[in-house]
Structure formats: C-alpha cells, structure tokens
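Here's the structure we're looking at; comments come further down.
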Amino acid sequence: MLATSYLVDAIGQRHPLANKADTRIVSLVPSITELLCDLGLASLIVGRTGFCIHPVQIVQAIPKIGGTKDVNIEKIRKMAPTHLIVNIDENEKPTVDALVEFIPHVIVTHPITPMDNLDLYRLLGHIFQVEKAATKLIREFEGASKALFEMNAFKSERVVYCIWQDTWMTVSQDTYISNMLRMIAWQTWTPKDAKSRYPVFHWNDQMAQEIDRILLSTEPYRFNESHVDALERQTGKPVQLVDGEMLSWYGSRAIEGLQYLATLVNT
C-alpha cells in the first residue's frame, strides 16, 4: 500500500476530491499548467499566467490572468475558480492570501528535488481523479530516472548556474535546479555569504578558482551563444548554454528533463 504523504500539499493541507462537473482551475505555475494538461485536465483550466506557454496548442485557448507575481485578482474573481494552484517560490504570498479569500481550494506546491515529482503526480492525480494518467507519468519518470542512474559515469564538477545578469544571479544548493544537477554529480557553487535562494554574485579570481564550469540558462534571462563567447573570454572557464525549462520545470517536463541531463555530460 502506498504511503499517504502525497494526499497533502506543500503546507500540509489535505484536499478533498474535486467534482469534475463543476471544477474550474486557475494555475499560477507554468510547469503545473503543463502537468495539468498532460493529466488530461486542460478543459478544467479557466485561467493561466502569461508564462504558462506549454503545451503551446492547448494553452493558447486558456485566458491569461497576468504574470506569476502580478496577477489580475479581479479578473480571476470573475472566473469563479474552484481551485487555485500556486508555488511557494514562484508566487507572492500577499497575492495568494488575497485569492484565498474567494477561492475554495488553494493547492500549494513546492518541489525541491526531482523525486518530489512523484508525490506531485499523485497529489494532483488524486484530487482531480485522474489516477491512471498520474500512474503513467510515475512510470515514465521512474524509467527515465533509472536510465540516468544506470549510466553511472558522471564526473563530479563544481558549476555556477547563472539565471540573470546585470546583476548576476545564481541558485542556492537547496533549489530544484541544484538537485537536478546533483543527479549527474554537478554541485552548484554559491557565494559563501549567500542568504537568498537566488543570490547575487560577482565574478572574481577567487571564484574562478572554485568552479569547473559555467552554465548559462535560457530562462528566466535569455542567455545565448554570444554570452557564452564573452564569458569564456572573461573567465577562461568552459561556458555552456543550457535549457532552463529542462532543468527548472518540475511536473511532467521533469521526465524529459532527466533525459536532458544525460546529454549534458557528453557536451
């Protein structure tokens, strides 16, 4: 018998089964919007953020309600949602608190490791009564995880994962991104005095001595090959452009993300 920890969300709330006949979902999390669609729930989504861009052909028909941090509360109110899905990292607490006032069910998510996706699939599969679709994703994730583990040929490296420039920002070691990279033995570098999960940093000689590789993510900042060339000349370190969606999007995208990890060690 499966453990029941998946029956509660990231803040310990236990959610009742949704009545599909009148369920109306607003998702403020791009990767969750994609997951809901892959679970066969697209018809129940009445609102999404402008950053909820996958699956492209499906989400185009779903109304936008702003960004992940600047939503239009009155527009959401008029949608009369029964369920709101948010994430601790991506959404502002004051905004969520305002939405809680009129949305009956608010599901809070906060995956920190790739394996947290399994409980995420189970949680949403259970609430919205699509356990069969959730089980399919679980099997696909476990298969991708096993294939990655069986490669067993990873070289440990210290990498700095850049998500922004002007000012430069990276990720702390307790983030989903860092835990994804840890699956191929890449440890993320962070400033010694960092207090934020996404700390600011500055390039210097001492830092360069502490890292083996620089990773430039394609999101949220749109790094490209010109940034790679410039930073290689500046630092003398190997610089690699990486797909930010593959490394930071949990949910169903994580399955493809595990497969993507395997390609990084060969580049």
(Q) Other residues, nucleotides and ligands only: do more than 12 of their heavy atoms fall within 6.0 Å of CZ on Phe149? (A) no
Q.
Quick check on the hydrophobic clustering: are Ile45 and Leu99 connected, directly or via other members, by side-chain heavy-atom contacts under 4.5 Å?
A. no
Q: Apply the side-chain contact (heavy atoms from CB on, under 4.5 Å) test between Val29 and each candidate in Leu36, Ile107, Asn87; give the one that qualifies.
A: Asn87
Q.
Please say yes or no: joined through hydrophobic side-chain contacts below 4.5 Å, possibly via intermediate residues, are Leu84 and Val108 part of one cluster?
A. yes
Q) For Arg139, does the CZ atom have more than 12 heavy-atom neighbours from other residues, nucleotides or ligands under 6.0 Å away? A) no
Q: Please check if Leu148 and Leu247 belong to a single hydrophobic cluster, counting links between Ile, Leu, Val, Met, Phe, Trp and Tyr side chain heavy atoms closer than 4.5 Å.
A: yes
Q) Can you check whether Trp168 and Phe223 have ring centres sitting under 6.0 Å from each other? A) yes
Q | For the student: nearest non-hydrogen atoms of Gln129 and Lys20, plus distance | A | O-NZ, 3.5 Å
Q | Option passing side-chain hydrogen bond (donor to acceptor under 3.5 Å, both in side chains) with Asp9 (candidates His110, His105, His15, Arg14) | A | His15
Q: Test side-chain contact (heavy atoms from CB on, under 4.5 Å) on Val26 and Val71 and set out the steps.
A: CA-CA 11 Å; Val26 167; Val71 304; over 6 Å; no
Q. Of the non-hydrogen atoms in Pro114 and Met183, which two are nearest, and what is the gap between them?
A. CG-SD, 3.5 Å
**Q.** Side chains of Trp189 and Glu210, donor plus acceptor under 3.5 Å
**A.** yes
Q) Which heavy atom of Tyr161 sits nearest a heavy atom of Gly244, and at what distance? A) OH-CA, 3.8 Å
(Q) Could you report the tightest heavy-atom contact between Val171 and Ser178, atom names first, then the distance? (A) CG2-OG, 3.6 Å
Q.
Test of understanding: clusters of I, L, V, M, F, W, Y form through side-chain heavy atoms closer than 4.5 Å, transitively. Do Ile112 and Tyr176 belong to the same one?
A. no
Q | Over 12 non-hydrogen atoms of neighbours within 6.0 angstrom of CZ in Phe51 | A | no
Q.
What verdict does the salt bridge (Lys or Arg N to Asp or Glu O under 4.0 Å) test give for Asp97 and Lys93, after you've listed the backbone C-alpha separation in whole Å, the side-chain angles of each residue and the deciding distance to 0.1 Å?
A. CA-CA 6 Å; Asp97 289 342; Lys93 189 176 185 302; 3.0 Å; yes
Q. Within a radius of less than 6.0 Å around NZ of Lys78, do more than 12 heavy atoms belonging to other residues, nucleotides or ligands occur?
A. no
Q) Just wondering, more than 12 heavy atoms not from Asp205 lying within 6.0 Å of its CG? A) no
Q) Do the ring centers of Trp164 and Tyr198 come within less than 6.0 Å of each other? A) no
Q) Which atom pair, heavy atoms only, marks the closest approach of Gly50 to Lys64? A) CA-CD, 4.0 Å
Q) Between Ala144 and Ile255, which heavy-atom pair has the shortest distance, and what is it? A) CB-O, 3.9 Å
Q: Step by step, work out the salt bridge (Lys or Arg N to Asp or Glu O under 4.0 Å) result for Glu140 and Lys136.
A: CA-CA 6 Å; Glu140 291 176 358; Lys136 180 176 182 293; 2.5 Å; yes
Q. Is it the case that one hydrophobic cluster holds both Leu124 and Tyr121, taking links as side-chain heavy atoms less than 4.5 Å apart, direct or via other members?
A. yes
